2 protein chains.
Amino acid sequence: VPGRVDYSLYVITGDKFSRGRPLVEVVRAAIEGGATVIQLREKDFTARQLVDAGHQLRRLTREKGVTFIVNDRVDIALAVEADGVHLGQDDLPVGMARKILGPGKIIGVSTHSIEQALEAQRQGADYIGVGPVFETRTKDDVQAPVGVDLVRQVASVVSIPKVAIGGIKAYNVEEVIAAGADGAAVITAVVAAEDISGAARELRSRIDRTRR
Amino acid sequence: VPGRVDYSLYVITGDKFSRGRPLVEVVRAAIEGGATVIQLREKDFTARQLVDAGHQLRRLTREKGVTFIVNDRVDIALAVEADGVHLGQDDLPVGMARKILGPGKIIGVSTHSIEQALEAQRQGADYIGVGPVFETRTKDDVQAPVGVDLVRQVASVVSIPKVAIGGIKAYNVEEVIAAGADGAAVITAVVAAEDISGAARELRSRIDRTRR
Ligand code: NI
């Protein structure tokens, strides 16, 4: 149910940052460390590879009770029975994704400004990503950091869950949660860590501590 | 209705080969010249751009009574209400696409061997592409030409419609139709032509003449 998702620690896959470790093992360790949402995001995979990886992650996340989201591709989200899809500003519009997915699925949207955040909410998104908060080079389409201030501003006007993203590490995660984010999304801070579950655990404990 | 499609002249878009002419005008001219199927295939477009182009082409093809297919993306095919989707060997498997699309939509599959052709038919494809018949550099993932012989062999064992593809021009289209193809798929032979509708008309008349 979209309304009851725990967005606290939202881990996005990044196979090329994972030091050759199998995707499913990386995700298993992230969940062990406290990841509450897993997003499959592999821009270099073919659809067939996404389906294969998606099936494995769906099985694992279902077993662990963790929310599973697919990046960009609504068709692949449906094919692997993911809980939802995450859309960028260049992806399918929310309304179209909703029509294809039906009402029971989660739709998240990347936003980089107050206007985009409000627009995503208006269009019926279940949650938004807000960022990049800090400097990051993980994504190919790098944008200027929006800063913690945008998280604070968005938090004051947008009522759906807000996940901060972009350059978030253990040393700055408390800032974004204190600014009003419902969760923090990370790629390398978890998947590139030598100790994946340890890195996730540290982030999760800082997030939980800051929020209470 | 998948069973009643005329695959005679199957024109695939290729915006970068179209000499800067607007996609919808290129397609309009192709239809004027006798294209019976239009496939939207733009690997460099974002999903948002595909949706925009898809809407325009859907409006036009519906008005003209021409079949409209979207390459690769089942979600975009649904979003723009295309008649179906065309899948490569690395795309979603036919069964999954069918589950998402429902029974009323067309699913085509690219095949490069007898085995792949039979497998696509077994999985419930509505038609197959067979190729590349001749040398071509239009697609990024260039494969060795399979030759007209493969078209002939596939035609003798596969009962669903077969569309020959790859390096087909006015001077060799009769060969592939004579070999048993139900139609010919082209990109540059039409979209890169100075006279688009003239090029389509020439192909179509050779196809019709060979088949009767
Ligand atoms: Ni995207």
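Labels below follow one simple rule: chain letters A, B, ... track the order of the sequence lines, proteins then strands, and each chain is numbered from 1. All values below were derived from every heavy atom in this structure, side-chain atoms included, with hydrogens, water molecules and symmetry-related copies excluded. Worth saying up front: this structure is predicted, and the values here are computed from it rather than measured.
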- Task: Spell out the residues in residues 51-58 of chain A that have some non-hydrogen atom less than 4.5 Å away from a non-hydrogen atom of chain B, in order of number; otherwise answer 'none'.
- Result: A:Val51, A:His55
- Message: Using a 4.5 angstrom heavy-atom cutoff, name the option from B:Gln89, B:Met96, B:Arg73, B:Lys99 with the most pairs to chain A.
- Response: B:Arg73
- Query: With a 4.5 angstrom heavy-atom cut-off, which part of A:Ile100 approaches chain B: side chain, backbone, both or neither?
  - Reply: side chain
- Message: Within this structure, what is the CG-CD1 distance for the pair B:Asp75 and A:Ile76, rounded to the nearest 0.5 Å?
- Response: 8.0 Å
- Item | Heavy-atom pair with the smallest gap, counting every atom of A:Arg48 and B:Gly88 | NH2-O, 4.1 Å
Quiz: residues 144-154 of chain A side-chain donor-acceptor pairs under 3.5 angstrom, not counting sequence neighbours:
residue	atom	partner	partner atom	Å
A:Asp149	OD1	A:Arg152	NH1	2.8

- Message: A side-chain contact here means heavy atoms from C-beta on lying under 4.5 Å apart; do B:Asp91 and A:Thr46 qualify?
- Response: no
